[in-house]
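Below is one structure, written out as structure tokens; the observations come after it.
In this chain, residues are counted from 1 in sequence order.
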Amino acid sequence: MTIYEVGPRDGLQNESAVVPVEVKREFIGRLAEAGLTTIEATSFVHPKWVPQLADAGELLESLPRVPGVRYPVLVPNERGLDRALEQGVTDIAIFGSATESFAQRNLNRTVESQFEMFAPVVERALAHGMRVRAYVSMCFADPWEGPVAPEQVARVGRRLLDLGCYELSLGDTIGVGTPRHVEALLDAFAEAGVGPDRLAVHFHDTYGQALANTLTAIKRGITVVDSSAGGIGGCPYAKSATGNLATEDLVWMLDGLGVETGVDVRSLAATSLWLAEILGRPSPSRVVQALAKEI
């Protein structure tokens, strides 16, 4: 089982105050020490849109690399790719939308024209030997359009994979999905010729369904799960999106199932408590709260 840690990027991008670069650097270092081997470090999005990650270049220049740990970076367009190449990044991710409303708000594009933007990014990245992951957002419902048909998500997701991405992360951006929705979505991808080996899941815990949805996905063959240490995060373009699935909660469940992750849950919880103190609010993770008195 692979845990794709998104706290430093998807978690911190939604903070109202900018977190100092030295805190971000220590946060990423602590995550690696806890045993996480894929840590999404930052994003090369324009600082006007996500000022919390305006220090991406400075962070990567000073970030110690741990052997065996991958540090992917979100890249929205070719300019972002240029910056990633300048920093020697080896793993990038692109971020697409399954719905027109979110594509317009997040990318200033239509669903169709987003592929025109992503195609040269993926082509150039692959030519430079990079690994490219794709996210697709609003996989279950959109705050402006309502429920999203699984077949619609599968069509968009298949096209992102066909660009050359090795993996597609399915995002429940506003956290309304349930296990039944997860099964329907995975069925739609299977009908589109995409198996669980090409997919990952990314759940937000708005209605407390993230763990149940994750377990459903795992039972259907998914082996890559996105999560955020301490459950921090959201989406700056969808205000109804709350925190991500907490990595500690995920690890606790997987440990109980006998699934090997290589992550020390207590070390990770200590990191989330440290970060919560800096952010000035308690972690929403149930496991972090339960272990707090032991750490």
Side-chain angles (χ1 to χ4, degrees), residues 1-6 9-10 38-40 43 70 72-77 80-81 90-100 102-103 106-107 109 111-123 125-126 130-142 148-175 177 181-204 210 213-214 216-228 235 238 241 244-245 250:
M1 179 63 62
T2 299
I3 296 175
Y4 194 101
E5 172 62 45
V6 300
R9 195 277 302 174
D10 193 23
T38 303
I39 305 169
E40 193 168 64
S43 171
R70 308 190 80 97
V73 171
L74 188 68
V75 169
N77 49 36
L81 177 61
T90 60
D91 295 66
I92 67 167
I94 58 175
F95 193 92
S97 174
T99 66
E100 293 290 348
F102 194 65
N106 189 44
L107 303 170
R109 296 267 177 162
V111 166
E112 183 63 30
S113 66
Q114 69 180 333
F115 302 110
E116 300 169 7
M117 178 175 67
F118 293 139
V121 174
V122 177
E123 182 178 3
L126 294 177
M130 289 178 159
R131 297 201 326 161
V132 185
R133 187 191 213 223
Y135 289 95
V136 60
S137 57
M138 301 299 173
C139 287
F140 299 97
D142 177 297
V148 180
E151 296 76 17
Q152 178 178 336
V153 180
R155 283 194 299 271
V156 171
R158 179 61 191 263
R159 289 187 65 180
L160 289 169
L161 286 170
D162 287 346
L163 290 177
C165 300
Y166 76 93
E167 180 176 271
L168 178 73
S169 176
L170 308 176
D172 184 10
T173 314
I174 58 175
H181 293 133
V182 174
E183 291 181 341
L185 184 60
L186 295 179
D187 285 343
F189 271 96
E191 291 172 8
V194 179
D197 59 312
R198 300 291 305 280
L199 301 173
V201 290
H202 184 121
F203 295 115
H204 285 208
N213 290 340
T214 299
T216 300
I218 291 171
K219 288 181 176 179
R220 291 290 299 268
I222 298 294
T223 60
V224 182
V225 180
D226 298 359
S227 63
S228 175
C235 177
N244 292 286
L245 168 63
L250 173 62

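Within the 4.5 Å cutoff, the side chain of Asp172 has no heavy atoms near those of the Cys139 side chain. At a threshold of 4.5 Å between non-hydrogen side-chain atoms, the residues Val121 and Ile92 count as touching.
Counting only residues at least two apart or on different chains, the side chain to side chain donor-acceptor pair (under 3.5 Å) pairs with a member in residues 111-121 are Thr110-Ser113, Glu112-Arg159. Screening residues 130-139 for salt bridge (charged side-chain N to carboxylate O under 4.0 Å, His left out) gives Asp91-Arg131, Arg133-Glu167, Arg133-Asp226 as the qualifying pairs, with residues at least two apart or on separate chains.
A donor-acceptor pair under 3.5 Å links the side-chain atoms of Arg198 to the main chain of Cys165, judged by distance alone. A donor-acceptor distance shorter than 3.5 angstrom exists from the side chain of His204 to the backbone of Thr173, with no hydrogens or angles considered. Judged purely by atom type and a 3.5 angstrom limit, Asn213 uses its side chain to pair as donor or acceptor with the backbone of Gly177.
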Requested in this report: Output, in order, the C-alpha distance, side-chain angles, deciding distance and verdict of side-chain contact (heavy atoms from CB on, under 4.5 Å) for Glu100 and Val111.
Outcome: CA-CA 5 Å; Glu100 293 290 348; Val111 166; 3.4 Å; yes

Query - Step-by-step side-chain contact (heavy atoms from CB on, under 4.5 Å) determination, Phe203 to Val225 - result: CA-CA 9 Å; Phe203 295 115; Val225 180; 5.8 Å; no

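With rounding to the nearest 0.5 angstrom, the NE2 atom of His202 is 11.0 Å from the CG atom of Leu170. For the atom pair CD1 (Ile222) and CE (Met1), the distance works out to 9.0 Å, reported to the nearest 0.5 Å. Separation of atoms CD1 (Ile3) and OG1 (Thr223) is listed at 12.0 Å; rounding is to 0.5 Å. Between Arg109 atom CZ and Ser97 atom OG the span is 13.5 Å, to the nearest 0.5 Å. Considering CG of Leu161 and OH of Tyr166, their distance stands at 11.0 Å, rounded to 0.5 Å. Atom OG1 of Thr216 sits about 9.0 Å away from atom CG of Leu186, to the nearest 0.5 Å.
Contact record, Ala98 with Gln152: O-NE2, 2.6 Å, taken as the closest heavy-atom pair. Across Tyr135 and Phe95, no two heavy atoms sit closer than the pair CB-CD1, 3.5 Å. In this structure, Leu163 and Val122 approach most closely via the heavy-atom pair O-CG1, 3.4 Å. Nearest heavy atoms, Gly96 versus Leu107: CA-CD1, 4.4 Å. Of all the heavy atoms in Pro76 and Leu74, the pair that sits closest is CD-O, 4.0 Å. Residue Phe102 comes nearest to Met138 through the heavy atom pair CD1-CE, 3.4 Å, listed as atom of the first residue, atom of the second, then distance.
Under the ring pair (Phe, Tyr, Trp, His ring centres under 6.0 Å) criterion, Tyr4 pairs with no residue, sequence neighbours left out.
The aromatic rings of Phe140 and His181 are tilted relative to each other, their planes meeting at an angle between 30° and 60°.
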